[in-house]
Amino acid sequence: MAKEYHSRHRTRILQYFEEQPDRRMSAAGIYGRMAEEGIKVNLATVYRNLDRLVQDQMLIALKAPEEEEKYYQYMRPGLQCAEHLHLCCSRCGKVIHLNCGFMREIQEHLMDDHGFLLDCGESMLTGLCSECRGIVRMKGQTQDKKPEKGTKL
């Protein structure tokens, strides 16, 4: 009976990620969603299931240096998340997969010029997505004016 209990929780946790594949989520956030749905689970069970989903390569665990909490991101089948960087919007939490030919150039540059082997599976760059940049511009700048290079929004 206990095995089925954990399986149902794992299935529901994975569904949260599948429903919003471009959003990262924390264990506390998932725990809160489950509580809102009336699903009785303790936080340790949520962490255990998240760790299992990472081991099964269905999620990746990301932790930015400035954040205390670890976040989890859905690994869409076929996207090969371990081979590219992820861009994370610091305002809305949207995750963008940098799955393009430019990744090879970045990796080669880091190796050739800096002797650094990039671990893409746990790499995430933070900033503002195009939608959130638009929100910022409307509040403090004209909408059609792009910020100058190097300007923080």
Check the pair Leu117, Met111 against side chain to side chain contact (heavy atoms under 4.5 Å, CB included), reporting the backbone distance first and the verdict last.
CA-CA 6 Å; Leu117 179 61; Met111 180 56 81; 3.7 Å; yes

What distance do [X] atom [atom1] and [Y] atom [atom2] have between them, rounded to the nearest 0.5 Å?
{"X": "Met25", "Y": "Tyr16", "atom1": "CE", "atom2": "OH", "value": "9.0 Å"}
{"X": "Arg33", "Y": "Glu36", "atom1": "CZ", "atom2": "CD", "value": "8.0 Å"}
{"X": "Cys89", "Y": "Arg133", "atom1": "SG", "atom2": "CZ", "value": "9.5 Å"}
{"X": "Leu59", "Y": "Gln73", "atom1": "CG", "atom2": "CD", "value": "8.5 Å"}
{"X": "Leu43", "Y": "Arg48", "atom1": "CG", "atom2": "CZ", "value": "10.5 Å"}
{"X": "Thr45", "Y": "Tyr31", "atom1": "OG1", "atom2": "OH", "value": "9.5 Å"}

Does the side chain to side chain contact (heavy atoms under 4.5 Å, CB included) test come out yes or no for Leu87 and Val95, once each step is laid out?
CA-CA 6 Å; Leu87 310 175; Val95 175; over 6 Å; no

Heavy-atom closest contact ([X] atom, [Y] atom, distance):
{"X": "Phe17", "Y": "Tyr72", "result": "CE2-O, 3.2 Å"}
{"X": "Pro21", "Y": "Tyr74", "result": "CB-CD2, 3.9 Å"}
{"X": "Ala27", "Y": "Glu69", "result": "N-OE2, 4.4 Å"}

Between Glu37 and Arg12 (salt bridge meaning N to carboxylate O under 4.0 Å), is one present in this structure?
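Counted as a salt bridge, because a side-chain N and a carboxylate O are separated by less than 4.0 Å.
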
Among the clusters formed by ILVMFWY side chains lying less than 4.5 Å apart, do [X] and [Y] turn up in the same one?
{"X": "Val54", "Y": "Val41", "answer": "yes"}
{"X": "Met58", "Y": "Tyr71", "answer": "no"}
{"X": "Ile30", "Y": "Ile39", "answer": "yes"}

Flag yes if more than 12 heavy atoms outside Glu18 fall under 6.0 Å of its CD atom; otherwise flag no.
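For Glu18, atom CD is crowded (more than 12 foreign heavy atoms under 6.0 Å).
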
If you measure only the distance, is there a donor-acceptor pair under 3.5 Å linking the side chains of Gln107 and Arg104?
no

Going through the distances and angles, do Lys94 and Cys132 end up as a side chain to side chain contact (heavy atoms under 4.5 Å, CB included)?
CA-CA 10 Å; Lys94 180 178 181 178; Cys132 289; over 6 Å; no

Using a 4.5 Å cut-off on heavy atoms from C-beta on, say whether the side chain of Ile13 contacts that of Leu53.
yes

Measure the shortest side-chain to side-chain distance between Cys88 and Arg24 over non-hydrogen atoms and say whether it is less than 4.5 angstrom.
yes

Using modelled atom types and a 3.5 Å cut-off, is there a donor and acceptor pairing between side-chain atoms of Asn42 and backbone atoms of Ala44?
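At least one qualifying donor-acceptor pair exists.
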
Where the side chain of Glu108 meets the backbone of Asp113, is there a donor-acceptor pair that is under 3.5 Å apart?
no

Take Glu131 and Arg91 through the side chain to side chain contact (heavy atoms under 4.5 Å, CB included) test and state the conclusion after the steps.
CA-CA 10 Å; Glu131 291 86 9; Arg91 173 170 277 162; over 6 Å; no

